[in-house]
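Below is one structure; the comments refer to it alone.
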There are 2 protein chains.
Amino acid sequence: MPETPCAQDLSIGQVAERTGLSVHTLRFYEREGILANPVRRGPGGRRFYNEDDVEWLRVCILLRASGMPLPTIRQYTELVRQGSGTEEERLTLLRRHQEHVVAQIEKLTQCLDLITFKVGVYEDHLEQGPAGQLCAASSLPGNAEDD
Amino acid sequence: MPETPCAQDLSIGQVAERTGLSVHTLRFYEREGILANPVRRGPGGRRFYNEDDVEWLRVCILLRASGMPLPTIRQYTELVRQGSGTEEERLTLLRRHQEHVVAQIEKLTQCLDLITFKVGVYEDHLEQGPAGQLCAASSLPGNAEDD
DNA sequence: CTAGGTTCTAGAGTCGGCTCTAGGGCAACC
DNA sequence: GGTTGCCCTAGAGCCGACTCTAGAACCTAG
């Protein structure tokens, strides 16, 4: 049922601009059930969004950015769509993801430590023997890496 | 030129065990040029690895885990294979990745903040109205999310 | 001597997450 | 009335990183 678009309605292109997603991705997300409210359609079947949709998308983008897979986002979206009564489940889902993100940060911090260590090693190495290979045997055996 | 395997040589299966990669992935990584030294072959064309290879793989796994794409790992591997003289390039590559990881951690920390906030909101909500929906209008309009 | 386990190669398949194409509609401007 | 520009659908294509299959060789134990 195509409604008359009102002032604050946004076209898919405008939403793309505001969210940084492509129009392709917006349609794709819709197919994937990632939109909290069903998209209204204007004449000619054109989608209309509002600011709430944009807000919701921003949340989804953030969830994606933190590694939540689309199926999980859909699950969360469905819970929200079902309205009150699903709060506990939403909480559970968010908590699980929270743990996931914490774990990711820990892992990355670990990696960062090693990378930073390696960077340090190379910096020292380049400071000490800047031009040629003065001390040839210092770090040869294949990988100077392994310590 | 199949060499005689010596005591510390490891089969692909043993390396898989030690690294947590599958044998498939090990062969795949080899094809992708991710191994610092060329894999030696025993009779029947069987691969033999040593502890250094395992160490190198562990580094690669860590780089992967921190989001370095395989082509970049290959690039790094090639620099290492080329030996001394490429230290500056390796440093540049590692520094770039370092920045990347730092940015990732920042992003994730941002996401975590929002998720934690949301978790808090739901916790409060569930504490206040635990059983039924006593305060029906408190968070209805589609997404209780948008603030 | 056979059965089971490990390995080999080349190449196909999978999965997640987009991204793009073809083919068409509608509206506005020149 | 043609051109430009945004929009539509259905479906194909792509990319990264694996993951698996088929068919065959080898080694070891029973």
Side-chain angles (χ1 to χ4, degrees), chain A residues 1-5 9-35 38-50 53 57 60-77 97 100 104 107, chain B residues 1-6 9-35 38-50 53 57 59-77 97 100 104 107:
Chain A
M1 43 156 83
E3 310 164 22
T4 332
D9 274 332
L10 301 167
S11 71
I12 195 167
Q14 287 171 314
V15 173
E17 241 176 60
R18 274 168 180 66
T19 59
L21 298 170
S22 71
V23 293
H24 295 301
T25 302
L26 284 169
R27 291 192 277 247
F28 170 65
Y29 277 9
E30 187 182 336
R31 281 207 295 277
E32 294 290 298
I34 293 293
L35 291 181
V39 178
R40 290 155 301 123
R41 298 299 186 110
R46 300 196 168 197
R47 290 166 177 85
F48 284 113
Y49 302 82
N50 58 35
D53 296 323
L57 280 166
C60 292
I61 289 167
L62 201 135
L63 292 174
R64 274 294 304 130
S66 54
M68 186 182 283
L70 289 183
T72 309
I73 299 183
R74 176 171 52 230
Q75 216 177 312
Y76 182 56
T77 306
H97 186 57
H100 204 93
Q104 265 186 94
K107 182 89 204 179
Chain B
M1 44 156 88
E3 311 164 22
T4 331
C6 50
D9 273 333
L10 300 168
S11 72
I12 194 168
Q14 287 171 314
V15 173
E17 242 176 60
R18 272 168 180 67
T19 59
L21 298 171
S22 71
V23 294
H24 294 302
T25 302
L26 284 169
R27 290 191 278 247
F28 170 65
Y29 276 10
E30 188 182 335
R31 280 206 297 278
E32 293 292 297
I34 292 294
L35 292 180
V39 178
R40 289 154 303 122
R41 298 302 184 108
R46 300 195 168 196
R47 290 165 176 86
F48 285 113
Y49 301 83
N50 58 34
D53 296 323
L57 280 166
V59 171
C60 291
I61 288 167
L62 200 135
L63 293 174
R64 273 293 305 127
S66 54
M68 186 183 283
L70 288 183
T72 309
I73 299 183
R74 176 170 54 231
Q75 215 177 312
Y76 182 57
T77 306
H97 186 59
H100 204 91
Q104 266 186 94
K107 182 89 205 179

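We name chains A, B, ... by the order of the sequence lines, and we start the count at 1 in each one. Source: prediction; values computed, not measured.
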Would you kindly compare A/R46 and A/E30 by the position of their nearest DNA chain D nucleotide and give the one closer to the 5′ end?
A/R46
Which parts of nucleotides 10-23 of chain D does protein reach within less than 4.0 Å, heavy atoms only, written one letter per nucleotide 5' to 3' as B for base, S for sugar-phosphate only and - for none?
-B-----SBBBB--
[N] [atom2] sits how many Å from [X] [atom1], rounded?
X: A/D9; N: D/dC7; atom1: CG; atom2: C1'; result: 15 Å
X: A/L26; N: D/dT9; atom1: CG; atom2: C1'; result: 16 Å
X: B/E17; N: C/dT7; atom1: CD; atom2: C1'; result: 15 Å
X: A/L10; N: D/dC6; atom1: CG; atom2: C1'; result: 15 Å
X: B/E32; N: C/dG11; atom1: CD; atom2: P; result: 15 Å
X: A/R40; N: D/dC8; atom1: CZ; atom2: P; result: 13 Å
X: B/I12; N: C/dG5; atom1: CD1; atom2: C1'; result: 15 Å

Nearest-0.5 Å distance that lies between atom NZ in B/K107 and atom CD in B/Q104:
11.5 Å
Can you find a heavy atom in the side chain of [X] that is under 4.5 Å from one in the side chain of [Y]?
X: A/Y29; Y: A/L70; result: yes
X: A/L21; Y: A/I61; result: yes
X: A/R27; Y: A/R47; result: yes

Restricting to non-hydrogen atoms, name the atom on A/S22 and the atom on A/A16 that form the minimum distance, rounded to 0.1 Å.
C-CB, 4.3 Å
Closest non-hydrogen contact found for A/L57 with A/T19 is CB-CG2, 4.1 Å
Closest listed nucleotide, where the reference is the side chain of B/R41 and the choices are D/dT9, D/dG5, C/dT9:
C/dT9
Measuring to OP1 and OP2 of D/dC8, would you say a side-chain N or O of A/R47 lies under 4.0 angstrom away?
yes
Is the phosphate of C/dT6 approached by B/S11 (side-chain N or O, under 4.0 Å from OP1 or OP2)?
no
Salt-bridge criterion met for A/R41 and A/E30 (N-O under 4.0 Å)
yes
